[in-house]
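Notes follow once the structure below has been shown.
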Amino acid sequence: MSEHDDKRPEENGDTRADQRGGNGESGNRLRRELPQEVSASVPAARDAPDKDAPDQDASDQHHPESGAVPVPEPEVVPEPEPDSEPQLTGRQRLVKGLWPPRVSRAQFIVAVLLFGLGFGLAVQVASNSDSDSALRGARQEDLVRILDELDDRTQRLEDEKQGLEKQRDELENSSDQAEEARKQTIEKERQLGILAGTVAAQGPGITMTIEDTKGTVEADMLLDAVQELRAAGAEAIQVNGVRVVAGTYLTDSGKGVSVDGNKINAPYRFKVIGKPQDLEPALNIPGGVVQTLEKEQATVTIERSTKIVVDALRAVKRPDYARSSSQ
C-alpha cells in the first residue's frame, strides 16, 4: 500500500467525524431556533405514528435529530343525521294546535252564554223585522191613519194627566176642601160605575156588526176586538146584551161564543162609547181586527153615531177577601 492509501482511511475518518460534528452542531442550532411548542409536539407525534405513512416514520427514525414536525390530519366532524319527522308548514302547525280542541270548563260556560245571547238577539231582530214588514207593505193612507191614532192616544193621555192635575189644584186651593172632595168623590164613583158596568152610559161612539155565516169566528177574535177598542179609548162596551168589564172572559161554546158564561150567537153586535175618530181607524189598521175577520170570510160593518146607549148592567159583586184599607 502506498502512503496515499494509508492516509485515506484517516482522512476519511476525519471527514466523517467532521460531518457528524457538523450535523450535531446544525441539529443543536435548529433546536435552539425552534419555539418550545414545536419541540413539545415532536415527541407526541412520534408516540402516535401514522400508519398510512410508513416511509415518513422510517425516515424520522433514521434521522431523529432532523427536527421535522409532522402535520396532523384535520378532525372529521360527523354529519348530523336527518330528522325522521318531516318539517311542518305554518298552517299545519296551526291546525295541529287547534285540533283536537282543548276546552276548559270556564271556556265552555262562556261559549254557552254567548250562544244564548246571540240566539236571543237573532230572535229579537227577526220579530222586529216581521212588524216592520207589515208596516212596510201598508198603503200611504193606512200609515197616515196609524199615525193619527198614535197622536190621538197621546193626546188622550195628556188630557187625562191635565184633568188629574186640575183636581189636585182644586183640592189644594179650595176654601171648603171637604165639599170639593165630596164632589170629586161622587164624580169618581160615577166614572168607576161606568167602567164596572153597574150604571148605564150613553155618548158618542160606534156600532160594529160581525156577520158569521160560515161559523169561523172564534172567541179569541172577538177578544182581540175588545182589546183593540180598549186601547183606542173605549169607555163602555156591550156585546149582544152583555156588558164587557175589566174581568170579562170569552170562550168558545159550540157554534157560538160565551161571554162571562152567557152564550151569544152571530151576528155579533158591539156597542162602544168613545171617540169615533179613534175607534174606527183602530179596527181598520192593516193586519187588524177587520182584516183578520175578513180572512175568515166574515163580514164586518162599522157605523159611527153621536149617541150610543149602553144599558146592559152588571150586578155589584162584593169581594170575598179584599176590603177597603180605610175601614
Side-chain angles (χ1 to χ4, degrees), residues 142 145-160 163 187-212 217-253 256-296 298-315:
D142 295 334
R145 186 164 57 244
I146 293 173
L147 291 176
D148 292 340
E149 181 183 355
L150 293 176
D151 292 339
D152 293 337
R153 290 183 182 180
T154 303
Q155 184 63 37
R156 187 168 59 254
L157 293 175
E158 186 66 26
D159 294 340
E160 184 178 356
E187 180 65 21
K188 193 68 174 178
E189 181 182 1
R190 186 184 66 82
Q191 295 176 1
L192 294 176
I194 294 175
L195 296 176
T198 58
V199 297
Q202 66 178 11
I206 63 171
T207 299
M208 181 176 65
T209 304
I210 303 174
E211 296 286 347
D212 182 23
V217 177
E218 298 178 353
D220 58 343
M221 300 177 186
L222 298 182
L223 180 60
D224 291 340
V226 171
Q227 292 177 346
E228 192 66 39
L229 290 170
R230 284 176 174 172
E235 298 177 353
I237 303 174
Q238 176 179 317
V239 183
N240 287 24
V242 180
R243 188 72 170 265
V244 177
V245 294
T248 297
Y249 63 92
L250 289 85
T251 58
D252 293 322
S253 178
V257 177
S258 178
V259 181
D260 290 336
N262 302 310
K263 185 177 179 180
I264 60 175
N265 297 318
Y268 305 107
R269 189 180 303 276
F270 284 74
K271 292 184 178 181
V272 185
I273 296 177
K275 188 177 181 180
Q277 294 80 2
D278 295 340
L279 299 176
E280 184 178 1
L283 298 173
N284 288 316
I285 62 175
V289 175
V290 174
Q291 288 190 0
T292 301
L293 292 172
E294 289 178 350
K295 288 180 181 179
E296 299 297 332
T299 304
V300 182
T301 304
I302 300 176
E303 297 179 357
R304 295 186 183 185
S305 177
T306 57
K307 183 179 181 180
I308 299 294
V309 177
V310 176
D311 53 2
L313 302 179
R314 299 291 294 266

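Computed from heavy atoms alone, side chains included, the values below leave out hydrogens, waters and symmetry copies.
Within the structure, salt bridge (Lys or Arg N to Asp or Glu O under 4.0 Å) pairs that include any residue of residues 220-233 comprise R153-E228 (at least two apart or interchain). Counting only residues at least two apart or in different chains, salt bridge (Lys or Arg N to Asp or Glu O under 4.0 Å) contacts with residues 263-287 comprise R156-D278, E280-R304. Among residues at least two apart or in separate chains, there is no salt bridge (Lys or Arg N to Asp or Glu O under 4.0 Å) pair with a member in residues 192-210.
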Which pairs of donor and acceptor atoms, one on a side chain in residues 285-294, lie under 3.5 Å apart (sequence neighbours left out)?
| residue | atom | partner | partner atom | Å |
| --- | --- | --- | --- | --- |
| Q291 | OE1 | G287 | N | 2.7 |
| T292 | OG1 | G288 | O | 2.8 |

Between side-chain atoms of residues 189-205 and protein atoms elsewhere (two or more places apart, or another chain), which donor-acceptor pairs fall under 3.5 Å?
| residue | atom | partner | partner atom | Å |
| --- | --- | --- | --- | --- |
| R190 | NH2 | E187 | OE2 | 2.5 |
| Q191 | NE2 | E187 | OE2 | 3.4 |
| T198 | OG1 | G193 | O | 3.3 |

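With sequence neighbours left out, R314 forms a salt bridge (Lys or Arg N to Asp or Glu O under 4.0 Å) with D260. Qualifying side chain to side chain contact (heavy atoms under 4.5 Å, CB included) partners for A312, counting only residues two or more places apart in sequence or in other chains: Q238, R243. The side chain to side chain contact (heavy atoms under 4.5 Å, CB included) test applied to L157 returns E160, not counting sequence neighbours. When the side chain to side chain contact (heavy atoms under 4.5 Å, CB included) test is applied to S258, the partners found at least two apart in sequence or on another chain are T251, S253. Evaluation of the salt bridge (Lys or Arg N to Asp or Glu O under 4.0 Å) rule for E235 yields no partner, not counting sequence neighbours.
Contact annotation: the side chain of V257 approaches that of Y268 to within less than 4.5 Å [non-hydrogen atoms, C-beta and beyond]. Q155 is not listed as a side-chain neighbour of D151, based on a closest heavy-atom distance of 4.5 Å or more. Contact of the V259 side chain with the Y249 side chain is not registered, since no non-hydrogen atoms from C-beta on lie closer than 4.5 Å. Side-chain contact between I302 and T207: absent, with no pair of heavy atoms (C-beta onward) separated by less than 4.5 Å.
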